[in-house]
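Data first, discussion second: the structure below is written as structure tokens.
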Amino acid sequence: MAEILIDDDDGVRTITLNRPDRLNALTGSIMQPLADACADVARDASVGCVVVTGAGRGFCAGGDLKEGGADKAIVPANAESGSRTEQGFVRLRGFMETARLLHEMPKPTIAMVNGPVAGAGIGIAGACDLRFAGKSASFLTAFDRIGAGGDFGSTWFWTKILGTGVARELFLLGEKLSAEEAFAKGIYTRLFDDDVLRDEVMKAARRLADGPRMGYRYMKANLNNAEDWAFEAALDAEALNMGLATSATAMIWREKKKAENPDG
């Protein structure tokens with residue numbers, strides 16, 4: 001059974017984590033295909049919006065401690081691969097490209113949170129531009145339960161999204177939040193009844209996919225710049241990107257009209 005499912009629909013690509021019996025918990029066998037799927041969609045010009053979700057009744061329960069506790073890909077220290085610690089770092093960092101790609105790819109990304117999300121899963125959700133959740137969703141950092149510091153960009157994303165005070169509360173206290181509590185804190189962008197969640201997500205995703213893709217590309221670049229750049233540098237980038245975006249969008253619309261009415 002494929003552990004990552006890919007579906008394309010009117011310019012929207014849905015990437016589904018497919019380990020429903022384990023609440024889509026992550027092992028090496030799913031993390032590499034997930035990173036590959038994100039790399040593929042990042043460079044696919046036919047896709048205007050990306051949706052990430054989980055199969056069954058959960059989004060992602062984080063790392064699968066039951067099956068992933070001993071990583072067989074890490075071998076004893078040797079001159080080629082380095083120490084076991086170095087091997088573990090290189091391997092995990094490669095898997096964590098998923099978070100970087102979802103955050104940086106030049107197209108909108110939506111996390112469809114259809115149930116519990118915890119651990120590395122909150123990094124994947126935080127990497128997306130928008131998070132639409134069903135009322136059965138919950139939110140749990142969970143890293144304190146295993147004595148871990150956090151991965152998949154989770155500490156970076158949630159500090160940026162929520163501010164350092166709320167992020168520290170979530171990570172240090174490790175309290176599980178209901179969907180309503182998470183929505184009230186600003187963790188979830190929109191909250192829906194479970195039976196309409198998919199329809200609402202796809203409605204928004206198709207709207208984004210049908211929208212001005214060049215505009216969204218440069219808009220997302222500006223928003224990412226704003227996270228770290230000094231104000232004057234951000235203004236310079238906005239001014240440049242405004243000209244690039246509008247000229248590209250105008251050209252695309254002209255070509256579209258010409259194709260729709262070649263005799264006009």
For this session: For residues M105 and V47, determine if any side-chain heavy atom of one lies less than 4.5 Å from a side-chain heavy atom of the other.
Result: no
Seminar exercise, completed: Note: G134 and L191 closest approach over all heavy atoms is O-CD1, 3.7 Å
Exercise. Can you hop from V41 to M214 via hydrophobic side chains spaced under 4.5 Å?
Worked result: no
For this session: State, to 0.1 Å, how close F59 and M112 come at their nearest heavy-atom pair, and which atoms those are.
Result: CD1-O, 3.3 Å
Exercise. With no hydrogens and no angle check, is any side-chain donor or acceptor of K220 less than 3.5 Å from a backbone partner on K107?
Worked result: yes
Exercise. Within a strict 4.5 Å, meaning less than it, do heavy atoms of the R19 and T27 side chains meet?
Worked result: yes
Exercise. Taking all atoms of both residues into account, what is the closest heavy-atom pair of V52 and C128, and its distance?
Worked result: CG2-SG, 4.4 Å
Exercise. Of all heavy-atom pairs between Q32 and F95, which one has the smallest distance, and what is that distance?
Worked result: OE1-CE2, 3.4 Å
For this session: Evaluate the side-chain proximity of P33 to E3: yes if any heavy-atom separation is below 4.5 Å, no if none is.
Result: no
Problem set entry | Basic-acidic side-chain contact under 4.0 Å: E260, K257 | no
Problem set entry | Side-chain heavy atoms of I6 within contact of D40, under 4.5 Å | no
Problem set entry | Y188 versus A179, closest heavy-atom pair with distance | CD1-O, 3.9 Å
Exercise. If we only count heavy atoms from C-beta on, is the N114 to L197 side-chain gap below 4.5 Å?
Worked result: yes
Exercise. Side chains of I187 and L170: closer than 4.5 Å at any heavy-atom pair?
Worked result: yes
Exercise. What residue among T109, I110, V50, V12 forms side-chain contact (heavy atoms from CB on, under 4.5 Å) with L208?
Worked result: I110
Exercise. Of all heavy-atom pairs between A42 and P106, which one has the smallest distance, and what is that distance?
Worked result: O-CD, 4.2 Å
For this session: Would you mind checking if K135 and D193 are paired as a salt bridge, meaning a charged N to carboxylate O distance below 4.0 Å?
Result: yes
Exercise. Do the side chain of N78 and the main chain of P76 share a donor and acceptor less than 3.5 angstrom apart?
Worked result: yes
For this session: May I ask you to decide if G174's main-chain N or O and D144's side chain share a donor-acceptor pair within less than 3.5 Å?
Result: no
Exercise. Does the side chain of I4 reach to within under 4.5 Å of the side chain of I30, using non-hydrogen atoms?
Worked result: yes
For this session: Answer yes or no: does atom CZ of R206 have more than 12 heavy-atom neighbours from other residues, nucleotides or ligands under 6.0 Å?
Result: yes
Exercise. Does A209 offer a backbone N or O that forms a donor-acceptor pair with the side chain of R213 under 3.5 Å?
Worked result: yes
